[in-house]
Protein chains: 2
Amino acid sequence: MSVKRTSRDIRTANRYEVLRQIIAESPTSRQELAAATGLSLATVATLVGELLELRMITEVGFEDSAGGRPRGLVAVNASGGALIGVDIAETYVHVELFDLALNVLARAEEDVRPGESLPGQMVSHVAATVGSVVTQAGIEGARVLGVGVSVPGQVDRATGISEYAPNWDWHDVPLLDLLTEHIAYPLYLDNPLRAGAVAELWFGAARGRGDAVVVNLGTGVGAGLILGGGLHRGVSNSAGEWGHNTIVLDGRLCRCGNHGCVETYVGAPGIMLNLRESSPGSTLLHPEDQTATIAALAQGMLRQDPVAIKVVRDTARYLGAGIADLVNLFNPEVVVLSSWVAAALGEPLLAEVREAVARHALPRPMAATEIVLSTIPTDPACLGAATFALEGALQSVGQKSGKKRTTTVKNRMAPTS
Amino acid sequence: MSVKRTSRDIRTANRYEVLRQIIAESPTSRQELAAATGLSLATVATLVGELLELRMITEVGFEDSAGGRPRGLVAVNASGGALIGVDIAETYVHVELFDLALNVLARAEEDVRPGESLPGQMVSHVAATVGSVVTQAGIEGARVLGVGVSVPGQVDRATGISEYAPNWDWHDVPLLDLLTEHIAYPLYLDNPLRAGAVAELWFGAARGRGDAVVVNLGTGVGAGLILGGGLHRGVSNSAGEWGHNTIVLDGRLCRCGNHGCVETYVGAPGIMLNLRESSPGSTLLHPEDQTATIAALAQGMLRQDPVAIKVVRDTARYLGAGIADLVNLFNPEVVVLSSWVAAALGEPLLAEVREAVARHALPRPMAATEIVLSTIPTDPACLGAATFALEGALQSVGQKSGKKRTTTVKNRMAPTS
DNA sequence: GGACTTCGTAAACCCCCTTTCCTAACCCCT
DNA sequence: AGGGGTTAGGAAAGGGGGTTTACGAAGTCC
């Protein structure tokens, strides 16, 4: 019962691991890969062979080896395929098209006007934008390996239904089916929390870590959980809803209806409230504009503005308590601060958070945990969504296909992991 | 990197699964086992064969099968081995000797007097008690498969060092080495949180669940995490320290030095404080006796005492917020309330907690989660510790030993699980 | 007693990883 | 230029594991 593990999963995990490593350090040798992954040379060689045959990587020359036969080098074949990540957020839709080295080849960003949030409108919006990035990038459609879509709220991956999207009051929208009608590429659906976590796992600070927590600081707040080297989804794919954990019983009212949720103190609106409470008339405050306020705070930190310092410190105090909870519970190797608020406030916030977490967390788990900023430059939800597509493309490779690969086209489900 | 998974792990997990199932439903057939575990009949048959050869189970007759060959039945061979669980707690040491059906064959309980908490004293204490239960049960020593020891605080399993035990101010005590000098059986060391979780995973409400949280309510408070069908340890084996999560920022002072920890509200001393705050002169309060106070509260609930009802409701309110955090974060299938406070307050507490959690948790994860009381009748830390020993005995079975098993005695490390 | 049913073992097969062996490819030195 | 020496990497063998298939075993039913 519970979770069925098969030897195939091991293969898939190893394939991921090898490709991750190649992407991270692109001209690399089989020797290096074996050392980095802990796999035997033979296994690495066969996996590299698979990836070569898929044209995801190419041989790019040789490297001297102390006196013997030179090492063959392989690198990502950037043009070996394209991945599309779609980040459907509250107020915008980002679509990015990546090559296999995860460079952005084309990008489209559109605002969602308040009245346009019906599923049907959203879907045709997204479909049009996906089409436009493909042409914009000058890619043949056949090269698109898949499209990952990040949508807020709860997503049932098996059915592709957006069970609940808080912002637009969506209930049980069969999003995957709707998208399939307009988009011919393989589709992968999940939410931004998990997308961000997978992005960090593949390309960011969680790479090579067994246990990591990716803390998402945006308008909303949440955590993506990497446990045992893979994404933790929970039984109904809704793990990681950290934003509505209580840190101040009977505290501030949250949009979820409860009081004292983490989000009400460290989400962008919460930070604005922190600012308003500590210095009501501050010029840093842009009442109706979260982005501007957070940017103003960041500016303030640069010039050592005492108001900004106080607000960041207050915020870090809440954040520290909340993250300490995560450290105590999960005992992760690394906690990654991600999303736009973390990116905007950057190092100053990080320094305060580190201190605050150290005050709240137990010494032993704390000693084992590193707290870092995300190094992902673009929208992590986009990148993560694209990563789901990459994982999907890698999922069922090299299966029983006999000699003639084209004859036995198996009808495959979207990958479950 | 990260976590290395091998096909051997699959085998071990399946072995666990099959034995768990047999213990749970003791006269059972291979057919039933295959259906329950999802394994093929052939795999079940070989696994059952292994267990038979180990004499952990025996064939116990046949069962009619609709018109065909009767099914062979197997059952736990209770006398096929003995397991010892040691629960070293703040004020007492419990030692229980189990047969393979996990019945208690012998039990010893000794109080630890305040002055006797030096590691050396504790170790000889434990060793003597272990010896006494073995003779008391009339078991030959050879049949003891192992001794599991649960000790509070942080434990490094690789080195067997008790890194930090808060109650007695132990620092980096090489407990495993000390015990090895006195106890000849295989030893397994961990803390009560994880022991309780494993006990529930094997014999309790978490059996067959992929994701479960075992909430420990005693003097201290913590959570054991079952994720992906196995125990989650975290990077330094200290995951699950839920008791010091903040639910009331700047709330009650905790012994950990922080304020507003869950433990200060729902640990036994916290509950006493809840009582004292809501009705200072209550006769339910036994100032220096946690056990008596909790028992008095339980009695009060039975006769609908309004003071008791209020205290339990207050406690459940805190507990509800804390458990809701776990539900939101982990999205588990089941939350199990365990340990002596939960056992004492039982159903009335459970009812209040369910309600409180439902108020605080997000609807979607909440809908997928069941909250139940532990059904383990004895000390869960003892049972869990014994389970570690059972897992250890099962870990490296059927390995390459050629024909003559006795010649190739491999020197094996304690299992890392 | 034969036909039918069902259980459970044995053998064949597929997947995975590792170890071992051997050839390929390069260096250096004579 | 032609051997050693050295390292890379492919091929084959080997050890785990799980599943499918085939078949004998052990009953029931007619």
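Below, read A as the first sequence line, B as the second, and so on, with proteins coming before strands; counting in each chain starts at 1.
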Quick one, [X] and [Y] - any side-chain contact, counting heavy atoms below 4.5 Å?
X: A:E63; Y: A:P27; result: no
X: B:I10; Y: A:D9; result: no
X: A:E391; Y: A:W202; result: yes

Please confirm whether the shortest side-chain N or O distance from [X] to OP1 or OP2 of [N] is below 4.0 Å.
X: A:Q31; N: D:dT7; value: no
X: A:R8; N: C:dC15; value: no
X: B:R71; N: C:dT6; value: no

task: Round to a whole Å and report the spacing from CG of B:L41 to P of D:dA22.
output: 16 Å
query: Separation of A:R69 atom CZ from D:dT7 atom C1', in whole Å?
result: 9 Å
message: If we count only N and O atoms by modelled type, under 3.5 Å, do the side chains of A:R194 and A:N237 hold a donor and an acceptor together?
response: yes
task: Examine the side chains of B:T12 and B:N14 and answer whether a donor and an acceptor come within less than 3.5 Å of each other.
output: no
message: At 4.0 Å (heavy atoms only), tell me whether A:A45 reaches a base, stays on the sugar-phosphate, or touches nothing.
response: sugar-phosphate
- prompt: What is the nucleic acid contact for B:G49, judged by heavy atoms within less than 4.0 Å: base, sugar-phosphate only, or nothing?
  reply: nothing
- request: Give me the residues of residues 21-30 of chain A where at least one heavy atom lies under 4.0 Å from an atom of DNA chain D, by number, or none.
  value: A:R30
- prompt: Can you say whether the rings of B:F330 and A:H232 are parallel (under 30°), tilted (30 to 60°) or perpendicular (over 60°)?
  reply: perpendicular
field: Distance under 6.0 Å and angle within 45° of ring axis: A:R11 vs A:Y16
entry: no
Picking from [options], which would you name as closest to the side chain of [X]?
X: B:T43; options: C:dC7, C:dT18, D:dT19; result: D:dT19
X: B:L39; options: C:dC17, C:dC15, D:dT19; result: D:dT19
X: B:P70; options: C:dT6, C:dC17, D:dA26; result: D:dA26

Could you go over nucleotides 27-30 of chain C and give all protein N or O partners under 3.5 Å, atom names and distances?
{"residue": "C:dC27", "atom": "O4'", "partner": "A:G67", "partner atom": "O", "Å": "3.3"}

task: Between A:L73 and A:S7, name the one whose nearest nucleotide on DNA chain D is closer to the 5' end.
output: A:L73
